[in-house]
Amino acid sequence: MDKIVALGIDVGSTTVKMVGVNASGDFEWNYLEGSDPRVEDQVDSFLQRFRTETGMTDSVPLVATGYGRKLVGQAEKIVTEITCHAKGVFKQLGHGGTLIDIGGQDSKVIIIGEEGQVVDFAMNDKCAAGTGRFLENTAGRLRVPLDQMGEVAIAARDEVAISSTCTVFAESEIISLIAHGVKVEPILKGLHRSLIIRVVAMVRSIGLIPPLMLSGGVVKNPAIRKMIEEESGEPVILPEQPQLMGAYGAALIAQKIAVG
Amino acid sequence: MSIRAKAESLWNVDILGKNVLAFQRWQAERRPFKSSKWRTDILAEPLRIGARTKELIGLHYLEGRYANGHRPVAWVTSGGPVEILQALGYYVLYPENHGALCGTRRAVVDISTEAENAGYSRDICSYARTDIGSMLSGKTPVGKLPKPDLLLACTNICQTVLSWYRVLAKHFNVPLILIDTPFVYKEAPQHALDYVQKQLEDSIPTSEKVAGKKLEYKKLQQTLQLSKDATELWLEIMGRGKHRPSPISVFDQFIHMAPIVEMRGERVTVDFYARMLKELDERIEKGIGAVKNERKRLLWDNLPIWYRLRYFAEYLGERGISVVASTYTNAWGELAPLIDVNKPLESMAKTYIYPILNRGTQYKLDTMRRMIDEFHLDGAILHSDRSCKPYSIGQVDQRNRLIKEYGVQALLLEADHDDPRAFAEEQVAARLAAFVEMLED
């Protein structure tokens, strides 16, 4: 392992991620766990783990992003997820394009320029529709574990249309469908479709510049990528660790601070 | 006319109120500026004219409070052709302006709930809800609003006013004058201008009857001249934003635009803006910018978010961003050249058919582009206002075209001009932060 010169932390609504990079900005170390409401304590424990696992004792610059970024008192700088995801994905994939980041609390479409700069962005409306939480909430009602949802949806032969984009109303709609004897699998597929249609509409609203890329924790769900490709008609490229792209981008900004 | 009402007004407004307000202003002007809330580390001290704005608006609402019984009172829409009423001696109240005032005082939720409880949907414009709520409950942060003797609604700002003013007319049981201004796609055809002029002519007998006096042609001309003078001064004031650093931000404009909206056609308004212009020129001479470390310059589209003016001014100011031009404040200045005192009604028809909200979306895009060039702007914030559909329609395209065809950064921000329940704090902050990073990158 090369010497780690900078750290990035992404304090998301669902998980906290930390990434360490070397002087060239290469990915060297990472750690991820569920979000704790005591952000500063959690960041301390992350830093402790970093020192233990890498044996590093020098302090290195830390840049924070994600919803809880303002609470990271240890950070030298705080930067939005938009900029961080763009930087992380650009460094890893080496090109611009349209990046979709579906997170637990919101989803974003980011147009990345040829030099890795953010050219434009769009975010989901002021509600949970179009976010990971939409699936999480509604799938809870169907008693399907989160990590199996995507596979179940892909395997489903039939699909029912879920017309409500509102998370709460969609839940009512599911209750009604269940009451009408509709099976779990087609409902789940319909839920994914509803989410993806919304996300792809957001892409179209600012204009798709290929290639289409994907990051964020929800990408672990295989149905997401497949359906985005179906709905947009574009192949989707994934970075190696999509969930860590925010923290990686933050670490790259910290690396700039470290090397000056 | 009631002698008692006249005497009360004389005592409370002309003798007590006027002098107390003038004294308060005099004191404020002499006191060195000190405020624990105002961020003088990032923003220039507030404009000195602020003391006069407070005096003027305070007096305006105080006059209103004691107007009933001795002076005819009209409630009008913000784009209403007010000069005929002014010339007839009406006290003119602008419910939208009162709504904005309620917004800055954070009184909207309480007052609007009164309207919602009476069955008015939250999808209705928050100005209308605030006004109707105030009408039903009597709640207002200014003490008391006078009851109207006459209502004047002009459709040049939106169609909501058609229903809103009918509600008022029914409640107060007073005549309603409706001025219908056909939508202008490019140029207003002559028949549309004639149609508006005819309605203005037709409005005179009703206005005279309620006022109990005849309209003097000369007085109308004088009022129009004062309207034109004040509007021209306002246009010049906004033009000062072209200087680097800009001596005035749109957040200052939002506060100091009150007289041009609700006191057009009055002598004091002209004097007020002449004084304000002088202060801005002093600032330019001394190199004082509204934002201390002005690095980037932006445009604001649509109505202000009245309950968050300080938030935006500080958030952007802290990052060296000055918002120096707005299509909204511009709307109260850009029509000045159309006013012709020698052709009062003909020129009024033209002036009141051409507001930005009564024109095609292309016109707004052109206006924004012109401002970007003239004011040397780096980007634009387009407030997508839940309450103001005519202003917000087309913004998605306008934003995209500003970015793609004009190469500036542009942000669409969803909120509401008056109702804080439609303002999602975290979402707005997230968008704003990312936008600022884009500007800085």
Side-chain angles (χ1 to χ4, degrees), chain A residues 11-13 63-71 77-87 90 96 99 101 103 105-131 201-209 246 249-250 252-253 256, chain B residues 122-123 296 305 308 311 314-316 318-319 321 378-387 392-416 419-441:
Chain A
V11 185
S13 62
V63 166
T65 189
Y67 266 89
R69 63 185 182 274
K70 287 176 201 150
L71 293 172
K77 194 176 176 186
I78 55 170
V79 181
T80 63
E81 304 99 282
I82 303 234
T83 302
C84 288
H85 273 268
K87 288 214 184 298
F90 182 78
L99 173 67
D101 164 40
Q105 187 154 303
D106 62 18
S107 51
K108 316 169 193 78
V109 177
I110 306 163
I111 307 288
I112 305 174
E114 285 170 10
E115 281 145 27
Q117 80 282 20
V118 176
V119 177
D120 197 5
F121 68 89
M123 293 170 88
N124 65 302
D125 294 337
K126 291 172 287 193
C127 69
T131 72
M202 202 155 70
V203 174
R204 296 230 163 88
S205 79
I206 59 168
L208 195 161
I209 295 173
L252 291 172
I253 296 167
K256 278 243 167 89
Chain B
R122 255 171 83 169
D123 290 328
K296 299 278 180 185
I305 301 170
R308 278 291 196 281
Y311 166 81
E314 288 181 352
Y315 186 90
L316 296 168
E318 200 166 4
R319 287 149 183 87
I321 299 167
D378 302 290
I381 294 178
L382 295 91
H383 164 210
S384 174
D385 185 351
R386 177 156 177 74
S387 272
S392 307
I393 195 162
Q395 277 182 319
V396 171
D397 283 331
Q398 284 159 355
R399 190 199 81 96
N400 288 350
R401 290 179 67 177
L402 286 179
I403 295 169
K404 286 177 188 132
E405 295 169 19
Y406 234 62
V408 295
Q409 310 282 14
L411 172 73
L412 192 69
L413 215 51
E414 286 177 43
D416 186 278
D419 193 337
R421 292 168 297 183
F423 184 88
E425 192 84 47
E426 191 55 44
Q427 272 83 346
V428 167
R431 283 160 176 77
L432 208 52
F435 178 64
V436 168
E437 284 171 6
M438 261 167 71
L439 275 175
E440 287 170 345
D441 206 8

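Note that the structure is a prediction, hence the values are computed from the model and not measured.
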- Message: Counting only heavy atoms not in A/Glu114 (residues, nucleotides, ligands), do more than 12 fall under 6.0 Å from its CD?
- Response: no
- Would the number of heavy atoms belonging to other residues, nucleotides or ligands and lying under 6.0 Å from NZ of B/Lys404 be above 12? yes
- Quick one: are A/Met123 and B/Arg431 in side-chain contact, heavy atoms under 4.5 Å? yes
- Heavy-atom donor-acceptor pair, B/Glu437 side chain to A/Thr80 backbone, under 3.5 Å: yes
- Message: Test your reading of the model: is there a side-chain donor-acceptor pair from B/Asn400 to the backbone of A/Gly207, 3.5 Å cut-off?
- Response: no
- Please examine the side chains of B/Glu426 and A/Asp106, heavy atoms only from C-beta on, and report whether any two atoms are closer than 4.5 Å. no
- Query: In Å and rounded to the nearest 0.5 Å, what is the CE to OG1 distance from B/Met438 to A/Thr83?
  - Reply: 9.0 Å
- For B/Arg399 and A/Ile206, the nearest pair of non-hydrogen atoms, with its separation, is NH2-CG2, 3.2 Å
- Message: Given heavy-atom pairs under 4.5 angstrom as the criterion, report whether the side chain, backbone, both or neither of B/Leu412 touches chain A.
- Response: neither
- Query: Can you find a pair of side-chain heavy atoms, one from A/Ile82 and one from B/Phe435, that are under 4.5 Å apart?
  - Reply: no
